[in-house]
Each structure stands twice: as structure tokens, then as C-alpha cells.
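I have placed the structure first, in the form of C-alpha cells, so that the comments after it can refer back to it.
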Amino acid sequence: MSRVVNDLNNISELAHHGPEDLFISGILLIGSFIIMLGMNFKLALFTFAMIPLMFIFSLKLGNRMHQAFRDIREKIAEVNSQIEDSLSGIRVVKSFTNEELEMEKFDYGNERFRRSREMAMKTMAQFFSGINFFSNMITLTTLAAGGYYIYRGQLSAGELVAFLFYVNMFMQPVRRLVHFNEQFQRGMAGFKRFLELLAVEPEIKDREGARTLKVRNGHIEYRNVSFSYDNHKKVLNNINLEVKPGQTVAFVGPSGAGKTTLCNLLPRFYEIDGGQIFIDNINIKDVTLSSLRKNIGIVQQDVFLFNGTIRDNIRYGKIDASDKEIIEAAKKANAHEFIINLENGYDTEVGERGVKLSGGQKQRISIARSFLKNPPILILDEATSSLDNESEKIVQASLERLSRDRTTLVIAHRLSTIINADKIFVLTDQGIVEEGRHSELIKKKNGIYRKLFLSQFSDLNNMQEALG
Ligand SMILES: Nc1ncnc2c1ncn2[C@@H]1O[C@H](COP(=O)(O)OP(=O)(O)OP(=O)(O)O)[C@@H](O)[C@H]1O
């Protein structure tokens with residue numbers, strides 16, 4: 001980005017001083033051109049013979065320079081994104097002791113950047129030495145032709161010296177224009193890239209005339225919904241389901257069946273290929289994205305906390321929340337106790353610059369955020385699957401409190417957490433193959449849910465604990 005800003009500065013510099021420079025250069029160019037023609041027409045023709053060649057050369061190399069500068073921008077963007085990737089995954093890198101591999105990846109990107117920079121420098125060097133060659137050739141041609149005319153007695157030595165003075169005067173603006181062209185190409189390469197980035201349209205946007213969604217009941221319906229990530233293999237095919245207001249429904253099934261995908265379609269993180277999704281009988285495509293997403297809260301397994309205090313992180317759920325509301329939300333999320341036991345309480349810094357919180361503590365902060373947001377619809381995406389038993393129980397209790405009086409979709413791996421769900425959907429690559437309450441599904445001989453459940457609670461003690 002800083003490069004783009006640099007390029008924009010270059011362009012604005014050119015835009016500020018360019019017109020005056022160009023004007024003065026133009027006057028000098030035309031003036032010396034007319035004087036030289038008037039002084040000695042034939043000699044002037046010899047002098048100007050090289051100009052078209054120089055012009056063609058400048059255009060050709062200018063284009064090549066433009067490409068080279070563009071290539072530099074692309075390569076440095078690749079290097080930057082690679083560095084960002086390695087740094088954000090630094091834990092994984094260290095745990096697999098793959099620092100060497102990351103260094104190699106960086107070296108590879110850096111080498112590509114170095115080569116494209118080298119190419120640009122080479123082209124620039126060719127450009128400037130070519131321009132120097134042409135301007136020297138112009139002087140040389142003038143000298144040779146002038147010498148010939150002196151020999152023939154058609155020109156005096158004094159006239160040749162004066163003529164050379166005008167050639168020099170003529171070449172000055174030409175050099176200036178060439179320099180301007182180089183600056184312009186460099187600036188334009190970055191500027192065009194900047195425009196390209198600005199022109200990228202978000203894939204999912206509001207339909208014209210989209211209205212604001214106000215969820216009254218929280219009724220959800222998927223009608224013949226189909227979806228694929230890359231238009232090849234369908235992840236979801238003709239899915240039909242209904243969630244009544246205030247119900248908690250769970251999605252279970254083998255890994256990769258599409259549980260997360262199905263839930264991600266509700267806030268329109270992806271656009272469906274076919275069918276419709278309704279909230280309170282309103283097609284989600286007919287409402288604004290922001291109003292849709294304001295009505296949906298998501299608690300995920302990977303909680304992202306921003307650098308800042310715990311208070312700031314909870315407030316993220318409702319930017320204008322008062323301290324009282326924040327504490328209230330933290331209490332509901334079972335987070336208040338551990339927060340006040342931290343040295344700086346709600347003002348404790350978290351993230352890179354602050355304390356490291358446990359997975360369960362982060363979860364509870366994220367749940368407090370959702371309490372503040374207070375959405376009528378909730379998606380809980382494997383929110384407790386990475387926690388230990390003790391933590392899971394505390395988080396589970398706050399999640400249950402959070403989902404009270406809200407329509408809740410749960411993606412669960414631990415089936416013990418969804419035994420009380422109003423409805424369980426079993427999703428496989430064949431679509432929804434079973435649906436019903438736990439007590440119904442567990443009775444189905446050869447049922448997939450029953451198999452999944454029994455495989456998780458193979459020993460009786462486990463099952464008894466799960467069933468409370
Ligand atoms: N962003 C993506 N781009 C392309 N394919 C994806 C993407 N996310 C998921 N998939 C694919 O879509 C399919 C369904 O994935 P999804 O994560 O919805 O399954 P899941 O049932 O939630 O799995 P799990 O229980 O392992 O989380 C998988 O085959 C997966 O590889």
C-alpha cells in the first residue's frame with residue numbers, strides 16, 4: 001500500500017509541476033526548431049533525421065519499462081503476502097520446526113522480486129543509454145554535416161558553433177520529456193494497479209432496493225438449496241429444512257458433509273447456486289447484508305481477539321455499549337469472575353501485546369460479545385470441541401444461556417452437547433438423511449445418528465456421563 005501511496009505522490013508531483021515543465025519545454029523545443037530551420041534548412045534536416053528514430057525507441061522502451069514496473073509491484077505484493085502468511089502462522093511454523101521451509105519460501109519470492117527489479121533496472125539502463133546514444137548521434141550528425149558544408153563553403157565555422165548551441169537548446173527539452181516519460185510510466189504502473197484493486201467488486205452485495213431485515217420471530221427455512229464452492233462438485237444439493245422460532249437445532253454428520261457450509265449460507269458469506277433461504281418468510285437476498293448480519297451472531301471454535309483490552313474486545317459486539325452493559329454481558333457469559341481476577345480486570349490487554357488467555361476464556365469473551373450483540377439468530381460452530389471437559393462445561397452453560405429465546409443452529413462434533421436440541425439434522429454427502437430429536441434418532445436401528453452416537457460413547461460410563 002505504501003508503494004501505491006508513493007506512486008500516487010509521484011503522479012500528483014507530476015500533475016503539479018508537469019504542466020509548467022511541459023509548457024516551458026514545448027516553447028524551447030518549438031523555438032529552437034524554428035530558429036534552426038531558419039538558420040540552415042538542410043543542416044536542420046540532418047539534425048532532425050534522428051528524432052523519429054529516437055521517438056520510436058522511447059515509445060518501445062517506455063512500454064517495456066511500464067511492464068517491468070508493473071511486474072515489480074506484483075512480485076513485491078507476493079512477497080508481502082507470503083511474509084504475512086508465515087507470521088500469522090508462526091505458532092504452526094515453530095511447532096513443526098519449519099523455519100527453514102518458511103525461509104526458503106521467502107527466499108524464492110524474494111529472488112523473483114530481485115529478478116524483476118533487475119529486469120526493470122536493465123530496461124531503464126537501456127532506455128537512458130539509448131537516449132544518450134541518440135542525442136550524441138544528433139550532435140555528431142550535425143557536426144559531420146556542418147563540417148561538410150564548411151568544406152563546401154556553404155557554412156561558416158561561427159554559424160556551425162551557433163547551430164550547435166541551438167541543437168543543445170533543442171535537446172534539453174527532449175531529455176526532459178524523456179525523463180518525464182520514465183517518471184510517468186513508473187507512476188502509472190502503480191496507479192493502474194491501484195485502480196484495479198479499487199475496481200474489484202465484492203461478489204456478494206445488496207440487491208437494488210434491498211430492504212432492512214427486522215427479525216420478529218426467527219423462523220428459518222431452506223428451500224431446495226444447492227451450493228458448490230467452485231461450480232464443479234456440489235457440496236449441498238436440494239437441501240430443505242425448517243427451524244421454528246426459538247428452536248435449537250443441531251447439525252451432525254461426517255467431516256466434510258457440509259455442516260459449516262450450510263450454516264455459512266445464512267449470513268450470506270457465500271451465494272447459493274439454487275433455491276432460496278428465508279428468515280421470517282423473507283428471502284435473505286431481498287434484504288441488506290448489514291441488516292441480515294446484524295441479526296445473526298456467530299460463535300466459532302477459533303476466537304479472534306483484537307489487540308486491546310478485554311473491555312474493548314467485549315464491546316466489539318456493540319460499539320456504543322456502556323461499561324455496565326459490558327459487565328452484564330460478561331457475567332452472563334461466565335467470564336466476569338476470571339476477568340476481575342486478572343491484574344487489570346477489564347482493562348487487561350490481550351492479544352500480542354497482552355496476556356495470553358486460555359481457549360475457554362477466549363470463548364467466554366466471544367460469548368459475552370454475542371450477549372451484547374443480542375442477535376435473534378445464533379450459529380454455534382463447534383464452539384466447545386477444542387476445550388477440556390471442565391472448560392467445556394462452563395462454556396456449554398454460557399452457550400445454553402446465550403441460545404435461550406433465540407433460534408440457534410449448532411454444528412456439533414461432541415454429540416453429548418446436543419442431546420437436548422429440539423431437532424437434529426444428520427447431514428451426509430447425500431444431503432439430510434435423518435432428522436428428529438435425539439430420543440427418536442437413537443432408536444433407529446442402523447441409523448447414522450445412532451452409529452455416530454454409539455461410536456463416540458462406546459463405553460457405558462461415557463454414555464452415562466453424557467446423558468447426565
Ligand atoms: N472455502 C472453501 N473452498 C472450497 N471448498 C471448501 C471450502 N470450505 C469447505 N470446502 C469443502 O466443502 C465441503 C464441506 O465442508 P464443510 O466445512 O462445510 O464440512 P463440515 O461438515 O463442516 O466438515 P467438518 O465437520 O470437518 O468441519 C468439504 O468437501 C470441503 O473440502
Side-chain angles (χ1 to χ4, degrees), residues 81 84-85 88-89 92 200-205 220-241 243 248-277 284 289 292-293 296-304 359 362-363 366 377-387 392 395-396 399 403 407-419 421 423-436 438 441 447-457 466:
S81 84
E84 196 187 323
D85 212 34
S88 52
V92 182
V200 174
E201 291 262 348
E203 270 177 38
I204 301 173
K205 48 187 180 182
I220 296 170
E221 191 184 350
Y222 282 50
R223 242 182 248 165
N224 300 321
V225 170
S226 300
F227 174 77
S228 60
Y229 279 101
D230 45 16
N231 285 327
H232 289 306
K233 196 179 143 253
K234 279 221 173 337
V235 176
L236 301 169
N237 200 6
N238 264 331
I239 296 290
N240 287 291
L241 64 90
V243 187
T248 292
V249 302
F251 296 92
V252 301
S255 178
K259 305 178 289 289
T260 308
T261 306
L262 187 126
C263 291
N264 279 343
L265 298 180
L266 192 63
R268 277 184 78 193
F269 289 152
Y270 301 102
E271 208 72 288
I272 50 178
D273 301 336
Q276 291 117 6
I277 300 176
I284 58 168
L289 273 177
L292 173 69
R293 291 176 186 169
I296 301 172
I298 302 177
V299 181
Q300 281 174 317
Q301 185 180 344
D302 290 330
V303 176
F304 185 82
K362 282 192 200 165
Q363 278 290 357
S366 125
I377 296 169
L378 202 60
I379 297 173
L380 308 180
D381 190 350
E382 305 182 8
T384 57
S385 62
S386 64
L387 306 178
E392 183 187 342
V395 171
Q396 192 57 35
L399 284 175
S403 56
T407 307
T408 307
L409 313 184
V410 186
I411 301 159
H413 275 169
R414 294 198 191 182
L415 303 186
S416 59
T417 58
I418 50 144
I419 284 169
K423 205 188 248 183
I424 295 166
F425 292 100
V426 181
L427 193 66
T428 68
D429 53 5
Q430 306 296 311
I432 294 176
V433 288
E434 288 173 23
E435 64 180 88
H438 166 80
L441 297 181
I448 294 182
Y449 178 80
R450 185 183 155 89
K451 269 191 205 146
L452 278 172
F453 191 85
L454 292 181
S455 68
Q456 279 196 11
F457 302 104

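Both counts, for ligands and for their atoms, begin at 1 and track the order of listing.
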| field | Atom pair CZ (Phe251) and CG (Leu241), whose distance is rounded to the nearest 0.5 Å | value | 5.0 Å
| field | Options Phe269, Tyr229, Phe227, Phe251, ranked by nearest heavy atom to atom 3 (N) of ligand 1, top entry | value | Tyr229
| What residue and heavy atom of the protein are closest to atom 28 (C) of ligand 1, and at what distance? | Gly256 O, 3.8 Å
| remark: For His438 and Phe453, the nearest pair of non-hydrogen atoms, with its separation, is CE1-CE1, 3.5 Å
| Enumerated ligand 1 atoms positioned under 4.0 Å from heavy atoms of Thr261 | 14 (C), 15 (O), 16 (P), 18 (O)
| Relative to the heavy atoms of Gly258, which atoms of ligand 1 are at a distance of less than 4.0 Å? | 14 (C), 16 (P), 18 (O), 19 (O), 20 (P), 21 (O)
| said: Any protein heavy atom at under 4.0 Å, with atom 31 (O) of ligand 1 as the reference point? | reply: no
| Lys233 to ligand 1: N or O pair under 3.5 Å? | no
| message | How far is atom 27 (O) of ligand 1 from the closest protein heavy atom, and which atom is that? | response | Glu382 OE2, 3.3 Å
| field | For Ser366 against Val299, the heavy-atom pair lying closest together | value | OG-CG1, 3.6 Å
| request: Report yes or no: does Tyr270 have a heavy atom closer than 4.0 Å to ligand 1? | output: yes
| field | atom 22 (O) of ligand 1: nearest protein contact (heavy atom, Å) | value | Thr260 OG1, 2.6 Å
| query | Quick one: CG on Leu262 to OG1 on Thr260, what's the gap to the nearest 0.5 Å? | reply | 9.5 Å
| remark: On a heavy-atom basis, the closest approach of Thr407 and Ile220 is CG2-CD1, 3.7 Å
| remark: dist Ile377:CD1 -> Leu292:CG (nearest 0.5 Å) comes out at 8.0 Å
| query | Which bit of Val235 gets closer than 4.0 Å to ligand 1, counting heavy atoms only: side chain, backbone, both or neither? | reply | side chain
| field | Where Pro254 and Thr428 come nearest, the two heavy atoms and their spacing | value | CD-CG2, 4.1 Å
| said: With nothing but distance in play, are any N or O atoms of Ala257 less than 3.5 Å from an N or O of ligand 1? | reply: yes
| request: Heavy atoms only: give me the nearest Asn240-Ile432 pair and the separation to one decimal. | output: O-CD1, 3.9 Å
| said: Given Ala412, Ser228, Cys263, Ser255, identify the one with the heavy atom nearest to atom 24 (P) of ligand 1. | reply: Ser255
